[in-house]
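Reviewing the structure listed below.
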There are 2 protein chains.
Amino acid sequence: MAMMPQTEVMLLLDRIARLHAARRRAVTLTDAQCATLEYLARANRFSRSPSVIADYLATTRGTASQTLKSLAEKGLITEEATEGDRRQRRYALTEGGRTLVEGWLASTAKAETAEAVQAARTLLRSLIASAGGKSFGMCRDCRHHSIGPGGTRTCGLLQITLALEEAGQLCHEFAEAG
Amino acid sequence: MAMMPQTEVMLLLDRIARLHAARRRAVTLTDAQCATLEYLARANRFSRSPSVIADYLATTRGTASQTLKSLAEKGLITEEATEGDRRQRRYALTEGGRTLVEGWLASTAKAETAEAVQAARTLLRSLIASAGGKSFGMCRDCRHHSIGPGGTRTCGLLQITLALEEAGQLCHEFAEAG
DNA sequence: TGCAATAGTTTCGATTCGCTATCATATGGA
DNA sequence: TCCATATGATAGCGAATCGAAACTATTGCA
């Protein structure tokens, strides 16, 4: 009757997530809205569209669209101008939105250790592998990221030059480095 | 503009929780119902009442009550006979409920490492500390747990003898060992 | 005995959420 | 050019949740 050791982490994480959601509820925003804002604060310019957000949040495009709409009505995000594919829309935090997210994140858990980050990444990877999700890693850890002469960062997949700050942002196209 | 390192784990966990919830949604049960079943599978006999469950799930008694009601209607849990305080009600998994949970847990993440467990516990502890939740540790790790002559396990707080299997169950009264 | 406090349930209205389907627009290949 | 496909937006449905309140039963204290 002893608990199977394989289940411990998921049970702990479940509780963590619920406490986290309860904390968020104390703010004016819902859990999905908070998660969306936090994602937008970290994602690069190629990964801030409704479809990608839906992937990240493990929901549908319809729901993601609604969440974005509500955030836009609150003045926390805006639609950015985009080049290229004119079907796509890209959202970004407004000044107010960014201030809110930064303040919010600053007040969350402080128990950040290298081991904790590593453990969380490992878990996420295994869950993604069995659930078929996308990994959303950072450019600097991606297979397609390379640093040329003069320190120029480029994405080999999209064939573009990356700004320095973009190297630490999340990307929809992330691929594990070989 | 670089992300503050303190936030990495919470963001990872947020995504893990969402993927987890999406997986659960694929089953007939809701996220809250799954979490309740999993909790009941691990909690000791003093910790399976609506109020305690509400604490664990970071929700209200009303919602917990509804969740339990729906699970009972599905035949997955039943109300146990209790001694002592007659206001309290205690629930337990039925055979079908236990089978379901065991099967479910067996199919969840396998990436269970000692570091991951430790990291999750650390995180949970810090979140609880700042959110005012309860820790729900296992009897064997509790301040009130002691092993007497002959290997008899006792809870010093409730003044009772514990069955061997109870030492690994979650308790509402858990207190960090000094 | 009387009364405040607690455990649990139930109800209500409001909100959120997820899913599905439908529509408009835009893309890209045949 | 024609058509399948993809991105988004939107509406409708059902379910779940929350918060608050009202209510019952029980406990425990004065």
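Quantities reported herein were computed from a predicted structural model and do not represent experimental measurements. In what follows, chains are A, B, ... by sequence order, proteins preceding strands, each numbered from 1.
Distance from the side chain of S49(A) is smallest for dG8(D) among the nucleotides dT17(D), dG8(D), dA9(D). Closest to the side chain of T60(A), from the set dC19(C), dC18(D), dT10(C), is dC19(C). Here dC18(D) is the nucleotide among dC18(D), dC17(C), dT27(D) with the atom lying nearest to any side-chain atom of T59(B). Nearest nucleotide to the side chain of R86(A), out of dG18(C), dA26(C), dG8(C): dA26(C). Among the nucleotides dA16(D), dT27(C), dT10(D), the one closest to the side chain of Q33(B) is dA16(D). When the nucleotides dC17(C), dG8(D), dG18(C) are ranked by their closest atom to the side chain of S51(A), dG8(D) comes out on top. Distance from the side chain of R25(B) is smallest to dC19(C) among dT16(C), dC19(C), dT26(D). With dA9(D), dT7(D), dT17(D) as the choices, the nucleotide that has an atom nearest any side-chain atom of T63(B) turns out to be dT17(D).
Of the two residues contacting DNA chain C, namely A64(B) and T30(A), the nearest-nucleotide position lying further toward the 5' end is that of A64(B).
The CZ atom of R90(B) sits 6.0 Å away from the CZ atom of R48(B) when rounded to the nearest 0.5 Å.
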Identify the pairs formed between an N or O of the protein and an N or O of nucleotides 1-6 of chain D at a distance under 3.5 Å, and give each distance.
unit_1, atom_1, unit_2, atom_2, d
dA6(D), N3, R87(A), NH1, 2.9

Check: Going through the checks in order, is the side chain to side chain contact (heavy atoms under 4.5 Å, CB included) test met by D55(B) and F136(B)?
Finding: CA-CA 10 Å; D55(B) 275 351; F136(B) 284 87; 4.2 Å; yes
